[in-house]
Every structure is written in structure tokens, then in C-alpha cells.
Amino acid sequence: MNATIIPDFWVTAGHGLLRRGEDGRHTVTDAFLRAYFERPEIRPQPESGPAERALHQSLLDDPRRPVGAGDIARIEDSDGRENYRILLPFRDLLVEAGSLEAAYRRLVTESPFPLPQLFLDQIVHAILRGILDGTDNPLQARAGEIFFRPQRITVQDGQILAGDAETVERLSTTGGFGDIGRMLKESNAPMNAVDMDVLSEEHGADYWARSDRFDMVLDLTFARPGLDALCRVMEKWIAHFLALETRIHPVQSISDERWVWHSGLDTESSALLNALYRGEPVAEARQGRLLSLFRMEIKDEASVIARVRGRPVYLGLAMSADNTVRMKPQNLLVNLPVEGA
């Protein structure tokens, strides 16, 4: 019998540059740190001066090398100086924390310094790739993209379809034909519509070869497999960080006279659930932005704070006024009614 081949995916996450410790955490390696200094914002440009080039080369040689204010001040270009002032505190945090998980917890609980959302998303991307390592479920992998890439939502014929926001924007701008398509659109020339494929269980194998293109749509309609896949990924995320077993499933409404705890998975749903919990009137259009509700049971009741023990936790996922979902996966960790969370 042939061994099952588990497909690779999300190569761009940098998962291959990390090591897994005995505790399952992702150890920060020199190779992972070096990748940040290879980013186009940091790599010297043809016009870069000798000081910037020397600093960059020294960090490629030793990505943990201490860098002082004087090193940055000697960079000839003001944009270059600013880029290093943003990147180096982040590098230092990764080194000090030792693992991506520890760094992520510090970033979402302490906010030690301003950080571009891109860096936080990249950490989630890499951690989640490790959490899903070995999965052969393409729906779960696609659902995981919601954790670190904004989604553009289309509601049609009762379906809730999530497409990668950046990909949707690119295709709507270029018609899928790159610079030529952009030129045609600007000149109002007709273009053929470009459809993004909806991922299904029947055609799930198509996902793996396309995973780093982020160009497949996920059906998040109630009682469909895509929404179930999102629940399973949320359970795995919580288990990885908190060693906590949960069971999450979609619900169509909250009919609970003893509703005691909830957590929005994004800014929109947090505000909406807070308003509903307080009994405030909510406009129909605003309620329509709520894409899904979830009910979570925490298996280890002894770990739950006293007033929530034995009660479910409700979660919500909503889109903004521009039909975009920007999930905050940290809310699954810091907003749970768990002792010490």
C-alpha cells in the first residue's frame, strides 16, 4: 500500500525556515530572521549608500547582530533609516521571545511598539502553517487564510462567499491580465469577466497547487462545509496556544436568556455583539453585516472563570461597510473566560 502523500502548501509562510521545539512552538532561527532583511523594503537599492549597504550585509551575516542608533543614523537615505527603525525592534522582540508564539502573545497583549499589520499577519501565517502541518483538508487550509488575509464578501442567492480581498482587487482592476488589463480598463475597453473558483469538497485537490496564489473562494454559508472548516481551524488555534480543548459550531441566532460571554472575531462583530448583549437597538443594515455566529463549549470547565462555568461562549464574524472581513485571531486567545488567559 502506498503511503498517503500530504500536500505542501503556503510555502510563502516561511514555515520551512523555522524549527519546532519539543513543546510544539516555532523556534525563531537565523534563517527566519534573515528573510526579513531580504525583504524589498530593506534590501539596498541601486542608489543606496555605502553605510546602508554595509549594515545590510552585516545583518545578513549575523541577523541577531546588535544595531545601535548610530548605525541607523549613518544610513544615507531617510526612508532606509525609517524602515530599519520599524524592523529592528520587531527583530529584537523575535530574538528575545525565542518562539513565534511567545512573540505573538506579547504583541497582542502588551503592544510594546507600533507594528505594521503586515508583520503581525506574517507571524499568524507562519504559526498557522505549523498548526495545520500534515492536514489533507483543503477547506481547513483555505479557511485558515481568513486568519491573516482580509476577505471580500459577496452575498448572492443566500450564499456567503469569501474571496481574498487583495486578489479580488487585483482582478477587478486588471481583469486578470496584469498591466495590459489595467490599461484596457482605464481606456474603458471591454474585458472578459474573470471568475474566482469556489472551493468545494469535490474539487478540493485543486487548492494545494494554488495555495500561495490566494485565488479560491470559500463558501461560508450556514451548514456548508466551509464554515465547519473554519470552526475546526479555530479549535486548533486555541488548542495550540492554550492547550485547551473546545468545540465550536455555527448557530443562526443567540436564543439564550443566560447569555454571559461573547467575543467578536473582528472589530465589527465585537461592537455588534456588545450592542446586542446590552439590548441596544441595532439597525437592520448593520445586523446584515453579521455573517456568522458560533457557539463554543470549553471542555475543561475547571479552567473557566466561575461566572461562565457551564455556559457557552458566543463568537461572531462580521464584515465592514465595504464588505470586508478583517479577522483578529488574537481575540480567540485574549478574550476567553479562562483563568490566566
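All figures in this text were calculated on a predicted structure; none of them were measured in a lab.
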For the hydrophobic clusters of this structure (ILVMFWY residues joined by side-chain heavy atoms under 4.5 Å, transitively), does one cluster hold both Val155 and Leu272?
no
Between Arg295 and Glu297, does at least one N-O distance fall below 4.0 Å, as a salt bridge requires?
yes
Enumerate the residue pairs fulfilling salt bridge (Lys or Arg N to Asp or Glu O under 4.0 Å) with a member in residues 67-87, sequence neighbours excluded, ordered by first and then second residue.
Arg65-Asp71, Asp71-Arg74
Side chain to side chain contact (heavy atoms under 4.5 Å, CB included) partners of Asp92, counting only residues at least two apart
none
For residues 258-272, which residue pairs qualify under salt bridge (Lys or Arg N to Asp or Glu O under 4.0 Å), counting only residues two or more places apart or in two chains?
Glu268-Arg289
Would you say Trp261's side chain and Arg307's backbone share a donor-acceptor pair under 3.5 angstrom?
no
Starting from Met319, can I reach Leu273 by hopping between I/L/V/M/F/W/Y residues whose side chains sit under 4.5 Å apart?
no
Does this structure show an ion pair linking Asp219 with Arg142, if we count only N-O contacts that are shorter than 4.0 Å?
no
Give, for atom CE of Met327 and atom CZ of Phe148, the distance between the pair rounded to the nearest 0.5 Å.
11.5 Å
If we count only N and O atoms by modelled type, under 3.5 Å, do the side chains of Thr135 and Asn137 hold a donor and an acceptor together?
no
Would Val251 and Val313 show up in the same hydrophobic cluster when neighbours are defined by side-chain heavy atoms closer than 4.5 Å?
no
Is there a donor-acceptor pair under 3.5 Å between the side chain of Gln151 and the backbone N or O of Arg149?
yes
Would you say that Leu333 contacts Val108 through its side chain, given a criterion of any heavy-atom pair below 4.5 Å between the two side chains?
no
N-O pairing of Asp30 and Arg64 below 4.0 Å:
yes
Arg326 side chain near Gln117 side chain, heavy-atom distance below 4.5 Å:
no
Test of understanding: with salt bridge (charged side-chain N to carboxylate O under 4.0 Å, His left out), list the residues that count as partners of Asp23, not counting sequence neighbours.
none
Sub-3.5 Å donor-acceptor pair from the side chain of Arg91 to the main-chain atoms of Leu33, do we have one?
no
Sub-3.5 Å donor-acceptor pair from the side chain of Thr246 to the main-chain atoms of Ile298, do we have one?
no
Give, for atom OG1 of Thr27 and atom CG of Leu18, the distance between the pair rounded to the nearest 0.5 Å.
8.0 Å
Within the structure provided, determine whether Leu88 and Ile72 are in side-chain contact (heavy-atom separation under 4.5 Å).
yes
Least distance between heavy atoms, Thr221 atom then Gln159 atom
OG1-CA, 3.3 Å
Surrounding NE2 of His203 (heavy atoms of other residues, nucleotides or ligands, distance under 6.0 Å), is the total greater than 12?
no
Working to the nearest 0.5 Å, report the span between CG of Leu336 and CZ of Phe241.
12.5 Å
I'd like to know if Asp133 pairs up with Arg20 as an ion pair, taking the criterion as any Lys NZ or Arg NE/NH1/NH2 lying under 4.0 Å from an Asp or Glu carboxylate oxygen.
no
Any link between Ile305 and Leu332 through a network of hydrophobic side chains (Ile, Leu, Val, Met, Phe, Trp, Tyr) touching at under 4.5 Å?
yes
Using a 3.5 Å distance criterion without hydrogens, assess whether the side chain of Ser172 forms a donor-acceptor pair with backbone atoms of Val168.
yes
In Å and rounded to the nearest 0.5 Å, what is the CG to NE2 distance from Asn274 to His262?
4.0 Å
CG/Asn83 to CD1/Ile75 distance, rounded to the nearest 0.5 angstrom?
8.5 Å
For Arg213, the salt bridge (charged side-chain N to carboxylate O under 4.0 Å, His left out) test, sequence neighbours excluded, returns Asp215
Name all pairs fulfilling the salt bridge (Lys or Arg N to Asp or Glu O under 4.0 Å) condition that reach into residues 231-251, sequence neighbours left out, sorted by first residue then second.
Asp228-Arg232, Arg232-Glu235, Glu235-Arg247
Atom pair CZ (Arg224) and CG (Leu230), whose distance is rounded to the nearest 0.5 Å
15.5 Å
Taking the six-membered ring for Trp, is the centroid-to-centroid distance between His15 and Trp10 below 6.0 Å?
no
Sequence neighbours excluded - ring pair (Phe, Tyr, Trp, His ring centres under 6.0 Å) pairs with any residue from residues 50-86
none
For Gln287, all residues meeting side chain to side chain contact (heavy atoms under 4.5 Å, CB included), sequence neighbours excluded:
Val282
Residues forming a ring-ring contact (aromatic ring centres under 6.0 Å, His included) with Phe119, sequence neighbours excluded
Tyr36, Phe90
If we only count heavy atoms from C-beta on, is the Arg311 to Trp259 side-chain gap below 4.5 Å?
no
Strictly by salt bridge (Lys or Arg N to Asp or Glu O under 4.0 Å), give each pair with a member in residues 36-54 just once, sequence neighbours left out.
Arg39-Glu41
Looking at residues at least two apart in the chain, or sitting in another chain, which of them share a side chain to side chain contact (heavy atoms under 4.5 Å, CB included) with Pro225?
Leu139, Glu201
Going through the distances and angles, do Asn331 and Ser263 end up as a side-chain hydrogen bond (donor to acceptor under 3.5 Å, both in side chains)?
CA-CA 7 Å; Asn331 287 3; Ser263 179; 4.8 Å; no
Could you state whether Val260 and Met296 fall into the same hydrophobic cluster, counting links through intermediate Ile, Leu, Val, Met, Phe, Trp or Tyr residues with side-chain heavy atoms under 4.5 angstrom apart?
yes
Got a sec, which residues hit side chain to side chain contact (heavy atoms under 4.5 Å, CB included) with Asp61, two or more places apart in sequence or on another chain?
Gln57
Between Leu220 and Ser292, is there a side-chain heavy-atom distance shorter than 4.5 Å?
no
